[in-house]
Amino acid sequence: MTRPETDTAAVLKAAQDNLWLHFTRHSSHDVAKVPTIVRGDGAYIYDIDGKRYLDGLSGLFVVQMGHGRAELAEAAAKQAQDLAFFPLWSFAHPKAAELAQRLAELTPGDLNRVFFTTGGGEAVESAWKLAKQYFKLVGKPLKHKVVSRAIAYHGTPQGALSITGIPAFKQFFEPLVPGSVRVANTNHYRADEITGVPGMTPEQFGRWAADQVGKAIEMEGPDTVAAVFVEPVQNAGGCFPPPPGYFQRLREICDQYDVLLVSDEVICAFGRLGTMFGGQKFDYVPDIITCAKGLTSGYSPIGAMIASERLFEPFKSGTAMFAHGYTFGGHPVSSAVALANLDLFEREDILGHVQRNEPVFRATLERLRDLPIVGDVRGSGYFYGIELVKDKDTKQTFSEAESERLLRGFLSNALYDAGLYCRADDRGDPVVQLAPPLICGPKEFDEIESILRSVLTEAWNRL
């Protein structure tokens, strides 16, 4: 249903004149109206003119259960009538307590303590602060540094941004929080370039990449390193899955040096990889999980830092306090929506659905390998990246100017105009990222492949 013409004009003018969009070059809207989405239904979204698009990114890796789920909206409305707001500052409310218990039952190991935030960046920020204070309380006050991976994105707050490995996102906000160290990521497609050793098997590369973390800890001094932050599948750069054995070796290294392993699952938790938590997909148990996004399928904002019981021990007695919190952390409405969302996961066997359909999704995207512009197809679950190259044989990538013309000058708009909302990105080498709602199946996969094939073919012809 389209809005009345006068309404449409007013909304578009307000978007143009008053709205400051996130991560957006506003110059791109000088001569074109701001794309404006007014509603969603299942795997599809509709713009202000009534045009339909397949949501190939789940909003922003968020809308696991699809758009327009009445159960989630109703859960929010009911809770708002009962208790619209109360903070978790020395008080509890039923929905936050129930959600914390539910999450503790779903997490691996003894990750039983749930500290609520309103989003993923806040969860990462909370994890670093906890790591620092924990080691001070247990008599290791020098442990404060963190190790993370090249090109990895961990959020925009000052601490989370320091952990982020994308220089262009950081340079305007420096100086940032000191103590963040970078190591190689797990992009096996580029392993020859990353390691300088040609022809490594995935297993050899996994061992090498994990060992770089150990070397970084040694270089900084084990007595100064508090935590290692890694995503199960790294988002920025284009969906890098871990090579076999990587996380098992990483767990050994963290245990050896008494360093906390933080699994940043803001994207990878809640079914995105076919498991409730990303670490379960790759058989490792972290000390802390950070999560957000899919916990409510985006119907209300919430995030969480979920910590091992041993990290809570120093706070159980005496005067110790984690002097940290957020006004809206664990919001009653968001907590109620999260519980309803988890109910839907169980009722509709969403994890089983993703596990059954992951091979179909992968095989459908793999069909694009016959295109000369497609160098690599990688990912896990419902979370995939397609790396674009100039030369498949040599894996030659595009120059900065070519990438600018390819991604922003053509691909982003062309994919959207063709009816597919996804991400064309160059935080690293140029990639197209796909993360459709978890309710999708072969029909939507075929639609994604068909649109990509058409647009990528045209992109290559333009080159």
Side-chain angles (χ1 to χ4, degrees), residues 104 107-117 121-150 152 154-155 157-165 175-184 209-232 246-265 279 284-291 304-326:
T107 51
D110 70 339
L111 279 80
N112 299 326
R113 291 290 173 170
V114 183
F115 184 95
F116 286 115
T117 67
E122 291 176 357
V124 171
E125 197 86 357
S126 302
W128 192 3
K129 290 179 76 172
L130 174 61
K132 288 180 177 180
Q133 186 173 359
Y134 168 78
F135 281 117
K136 287 178 173 61
L137 292 175
V138 298
K140 297 184 177 183
L142 297 181
K143 279 184 167 288
H144 70 283
K145 298 174 185 174
V146 296
V147 179
S148 61
R149 301 187 293 198
H154 292 284
Q158 293 281 285
L161 188 57
S162 300
I163 299 171
T164 290
L176 296 168
V177 180
S180 180
V181 180
R182 216 73 57 237
V183 295
D211 283 344
Q212 300 313 298
V213 176
K215 290 179 180 178
I217 293 171
E218 283 284 356
M219 184 67 70
E220 294 298 318
D223 289 343
T224 71
V225 180
V228 173
F229 280 73
V230 286
E231 298 163 275
Y246 174 81
F247 275 111
Q248 288 65 42
R249 177 61 181 147
L250 199 55
R251 181 71 271 180
E252 290 174 359
I253 290 168
C254 289
D255 291 343
Q256 177 184 348
Y257 294 111
D258 192 20
V259 169
L260 304 182
L261 177 55
V262 182
S263 190
D264 184 356
E265 305 195 9
Y284 69 93
V285 179
D287 300 294
I288 299 174
I289 291 172
T290 56
C291 57
M305 173 191 71
I306 309 175
S308 164
E309 192 66 34
R310 75 181 177 94
L311 301 183
F312 185 72
E313 282 293 327
F315 298 92
K316 275 186 173 178
S317 58
T319 59
M321 173 184 68
F322 188 35
H324 176 62
Y326 299 99

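Shown here for Gly155 and Pro157, the closest heavy-atom pair between the two residues is C-CD, 3.7 Å. Closest approach of Asp287 to Leu311, counting heavy atoms only: O-CD1, 3.8 Å.
At a threshold of 4.5 Å between non-hydrogen side-chain atoms, the residues Asp223 and Lys140 do not count as touching. Between Val230 and Phe247, some side-chain heavy-atom pair lies under the 4.5 Å cut-off. With a 4.5 Å cut-off on side-chain heavy atoms, Val262 and Met305 do not count as touching.
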Would Asp255 and Arg251 satisfy salt bridge (charged side-chain N to carboxylate O under 4.0 Å, His left out), going step by step from the backbone distance to the final call? CA-CA 6 Å; Asp255 291 343; Arg251 181 71 271 180; 2.8 Å; yes
Between Glu252 and Arg249, does a salt bridge (charged side-chain N to carboxylate O under 4.0 Å, His left out) hold up when you go through it step by step? CA-CA 5 Å; Glu252 290 174 359; Arg249 177 61 181 147; 3.1 Å; yes
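Side chains of Tyr257 and Glu218: a donor-acceptor N/O pair is present below 3.5 angstrom, by distance only. Side-chain N/O atoms of Thr290 and Asp264 include a donor and acceptor closer than 3.5 Å.
Between His324 and Tyr326, the ring-plane angle classifies as perpendicular under the 30° and 60° cut-offs. Under the 30°/60° scheme for interplanar angles, the aromatic rings of His154 and Phe229 are found to stand perpendicular.
Applying the side-chain hydrogen bond (donor to acceptor under 3.5 Å, both in side chains) test to Arg113 and every residue at least two apart in sequence or in another chain returns Glu309.
Between the side chain of Glu231 and the backbone N or O of Ala152 there is no donor-acceptor pair closer than 3.5 Å.
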